[in-house]
Number of protein chains: 2
Amino acid sequence: MTASLSPDMFDAACPTTVMPFQIGDKWTAMVVLCLEGGPRRFTELRVPLRTVTPKVLSATLRSMERDGLITRFAYDENPPRVEYALTPLGRSLLTLVAAARTWCTDHLDDLLEARAAFAARD
Amino acid sequence: MTASLSPDMFDAACPTTVMPFQIGDKWTAMVVLCLEGGPRRFTELRVPLRTVTPKVLSATLRSMERDGLITRFAYDENPPRVEYALTPLGRSLLTLVAAARTWCTDHLDDLLEARAAFAARD
DNA sequence: CGGTATCCGAAAGGATACTG
DNA sequence: CAGTATCCTTTCGGATACCG
């Protein structure tokens, strides 16, 4: 079985929020990361994505489903159970997300330094 | 000397506008591409970026300068001349832009197909 | 549990006109 | 030439509350 997702999976002050990348909508890349280890349920995703509202998360998921990045499977059970999983297409984003994250960690200091320098002389 | 930029450098119906990536603001990645071959002037950039308004282009350029992606050099001449050029940091984005573009061309068909399928059954 | 409905504020981007 | 000034529309994301 897959381990549960940590509430601390995404740092609230994560440097990547400062960085000039976006894959899909605001939460798309994080959802991809959350699904890397296997299928997840709606509420399960809300744990690491602590501040996302249900409305926005469902919109994100539907848009990702629409684009073929994830599948949505609703079990015919009560209480309801729905599982989201990466498609091969969604999985193909992982390398790109990794590349973007690498760029961010590699160059965060440069960017922050540039901002400080710019603020100083203007 | 560097060849001039073509007005057709960016297809108006470019597939990448459909794709789920964004580097910086809307025009950032295109500016990076425009500057790949060497320094460019404001008006020169407006040729390939046909639909960008001066207000938005100047905001984009200032934000890129602020983040250390480009330099701005104003010659002390009349009529005025200003040149924008990639910094090493900005240049380091080129590989990432290339990776994103590769992903887009490789997977555009998949994404379009997924959208059509989604639209069909809903 | 897995969402939807409604309302709202902020921000991005564009249209148009003007300037040193 | 290289921008700035105003205004305006659209979009995104969040707050809150409710539903099958």
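Scope of the values below: all heavy atoms of this structure, side chains included, with no hydrogens, waters or symmetry mates. Sequence lines set the chain letters: A, B, ... in the order given, protein chains first and strands last, and positions in each chain run from 1.
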Along nucleotides 15-20 of chain D, 5' to 3', which nucleotides get a B, which get an S, and which get a -, given that the test is a protein heavy-atom distance under 4.0 Å?
-> B----B

Atom OG1 in B:T87, atom CG in A:D110: separation rounded to 0.5 Å?
-> 8.5 Å

About how many Å separate NE2 of B:H107 and CG of A:L96, when rounded to the nearest 0.5 Å?
-> 9.0 Å

Could you grab the distance from atom CG of B:L89 to atom CH2 of A:W103, nearest 0.5 Å is fine?
-> 4.5 Å

Boundaries of the DNA chain C segment in contact with chain A, non-hydrogen, under 4.0 Å = C:dC1 to C:dC7

For A:Y75, which contact category applies under a 4.0 Å heavy-atom criterion: base, sugar-phosphate, or nothing?
-> nothing

Could you state the interatomic distance from OG1 (B:T51) to CH2 (B:W27), rounded to the nearest 0.5 Å?
-> 3.5 Å

Whole-Å distance, B:D76 CG to D:dC1 P, equals 18 Å

Atom pair distance, as rounded to whole Å: CG in B:L61 and C1' in D:dA2 = 11 Å

Any salt bridge (Lys or Arg N to Asp or Glu O under 4.0 Å) pairs touching residues 28-41 of chain B, not counting sequence neighbours?
-> B:R40-B:E44

Gap between atom CG of B:L61 and atom CG of B:L45 - 0.5 Å precision | 6.0 Å

In short, A:F10 meets A:P48 closest at the heavy-atom pair CD1-O, 3.8 Å

CD1 of A:I23 versus P of D:dC12: gap in Å, rounded?
-> 17 Å

Would you say the side-chain atoms of A:R50 pair up with the backbone N or O of A:P7, donor to acceptor, closer than 3.5 Å?
-> yes

How long is the line joining CD of B:E77 and P of D:dC1, in whole Å?
-> 13 Å

Considering only Ile, Leu, Val, Met, Phe, Trp and Tyr, and joining two whenever side-chain heavy atoms are under 4.5 Å apart, list the other residues clustered with B:F73.
-> B:Y75

OG1 (B:T71) and CD (B:E65) are apart, to the nearest 0.5 Å, by 8.0 Å

Looking for any heavy atom pair under 4.0 Å, which part of the strands does B:D25 touch: base, sugar-phosphate only, or nothing?
-> sugar-phosphate

Is the B:Y84 ring parallel, tilted or perpendicular to the B:F42 ring (thresholds 30°, 60°)?
-> tilted

Worked verdict on A:R101 versus A:L33 for side-chain contact (heavy atoms from CB on, under 4.5 Å) | CA-CA 11 Å; A:R101 299 221 293 173; A:L33 254 14; 3.8 Å; yes

Determine yes or no for a side-chain-to-main-chain donor-acceptor pair under 3.5 angstrom, with A:S63 supplying the side chain and A:A59 the backbone.
-> no

Helical bend (five base pairs per end, nearest 10°) for the helix from C:dC1-D:dG20 to C:dG20-D:dC1 | 50°

May I ask you to list the residues of residues 40-49 of chain B, by number, that have any heavy atom positioned under 4.0 Å from an atom of DNA chain D?
-> B:R41, B:F42, B:T43

How many Å lie between CG on B:N78 and P on D:dG3, as a whole number?
-> 14 Å

